[in-house]
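Below: the structure, in structure tokens.
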Amino acid sequence: QVQLVQSGGGLVQAGDSLRLSCAASGRTFSRYSMGWFRQAPGKEREFVAAISWSGSSTNYADSVKGRSTISRDNAKNTVYLQMNSLEPEDTAVYYCGGTTWDYAATRENEYDYWGQGTQVTVSS
């Protein structure tokens, strides 16, 4: 079993950058593919980015492609989401997820474990 603890987030201005972190407990972190999802008020949770367990494969939502980078450090049991050129439309609660699938999964129902969520607010 994996427990995920998120950090980062907060209030930023449009155009700023932000990095979210998700630290996992357990020794088998390197065998979990990881992803980031977000949920804006009144909307369903949506996929943002994912990375395979080896880090060799990544996927991004079109809305963040080119502005965001997902990465992982298996030695630190941590996955990151670097977001640049933030827009007010990026305002949401961000969740990291872990899955035993060995690819960069993009669907919410493919994930078994979730972090507690962290608020990102981008002001215009």
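If you read the sequence from its start, that first residue is 1, and numbering goes on from there. Computed from heavy atoms alone, side chains included, the values below leave out hydrogens, waters and symmetry copies.
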Can you list the steps and then say if Leu20 with Val120 is a side chain to side chain contact (heavy atoms under 4.5 Å, CB included)?
CA-CA 9 Å; Leu20 305 181; Val120 172; 4.0 Å; yes

Determine whether the aromatic ring centres of residues Phe37 and Phe47 are separated by less than 6.0 angstrom.
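Yes - the distance between ring centres of Phe47 and Phe37 falls below the 6.0 Å cut-off.
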
Heavy-atom donor-acceptor pair, [X] side chain to [Y] backbone, under 3.5 Å:
X	Y	answer
Thr91	Ser123	no
Ser68	Lys65	no
Gln6	Ala23	no
Ser52	Tyr103	no
Thr78	Lys76	yes
Ser21	Tyr80	no
Tyr32	Val2	no
Tyr60	Ala50	no
Ser85	Gly15	no
Gln39	Val93	no

Does the side chain to side chain contact (heavy atoms under 4.5 Å, CB included) test come out yes or no for Trp36 and Cys22, once each step is laid out?
CA-CA 9 Å; Trp36 289 95; Cys22 176; 3.7 Å; yes

Nearest heavy atoms of Val79 and Phe29, plus distance in Å:
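Result for this residue pair: N-CZ, 4.1 Å.
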
Please report the shortest heavy-atom distance between Ser57 and Ala104, naming the atom on each side.
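Heavy atoms of Ser57 and Ala104 come nearest at O-CB, 3.8 Å.
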
Can you confirm whether Trp114 sits close enough to Leu4 that some side-chain heavy atom of one is under 4.5 Å from a side-chain heavy atom of the other?
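Trp114 vs Leu4: side chains apart.
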
Supply the atom-to-atom distance [X] [atom1] to [Y] [atom2], rounded to the nearest 0.5 angstrom.
X	Y	atom1	atom2	answer
Arg19	Thr69	CZ	OG1	11.5 Å
Met34	Leu81	CE	CG	11.5 Å
Gln3	Asn77	CD	CG	12.5 Å
Ser30	Trp53	OG	CH2	7.0 Å
Ser63	Glu87	OG	CD	8.5 Å
Leu18	Thr118	CG	OG1	8.0 Å

Residues Ser17 and Asn84: side-chain donor-acceptor under 3.5 angstrom:
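There is such a pair (donor and acceptor under 3.5 Å, judged by atom type) between the side chains of Ser17 and Asn84.
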
Do you see a donor-acceptor pair shorter than 3.5 Å between the side chains of Gln119 and Thr121?
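Yes, Thr121 and Gln119 have a side-chain donor paired with an acceptor closer than 3.5 Å.
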
Show me the pairs that pass salt bridge (charged side-chain N to carboxylate O under 4.0 Å, His left out) and involve residues 98-124, at least two apart or across chains.
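As it turns out, the salt bridge (charged side-chain N to carboxylate O under 4.0 Å, His left out) pairs with a partner in residues 98-124, which skip direct neighbours, are Arg45-Glu108, Arg107-Glu110.
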
By salt bridge (charged side-chain N to carboxylate O under 4.0 Å, His left out) - contacts of Arg72 (at least two apart)
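If we apply the salt bridge (charged side-chain N to carboxylate O under 4.0 Å, His left out) test to Arg72, skipping adjacent residues, there are no hits.
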
Looking at Glu46, I'd like to know if its CD atom is crowded, meaning that more than 12 non-hydrogen atoms belonging to other residues, nucleotides or ligands lie closer than 6.0 Å.
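Counting neighbours around CD of Glu46, more than 12 heavy atoms of other residues, nucleotides or ligands fall under 6.0 Å, so yes.
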
When you look at Asp90 and Arg38, which way does the side chain to side chain contact (heavy atoms under 4.5 Å, CB included) test go after all the steps?
CA-CA 9 Å; Asp90 295 315; Arg38 67 186 182 187; 2.9 Å; yes

Side chain to side chain contact (heavy atoms under 4.5 Å, CB included) between Val48 and Met83, intermediate numbers included:
CA-CA 11 Å; Val48 177; Met83 299 186 292; 5.5 Å; no

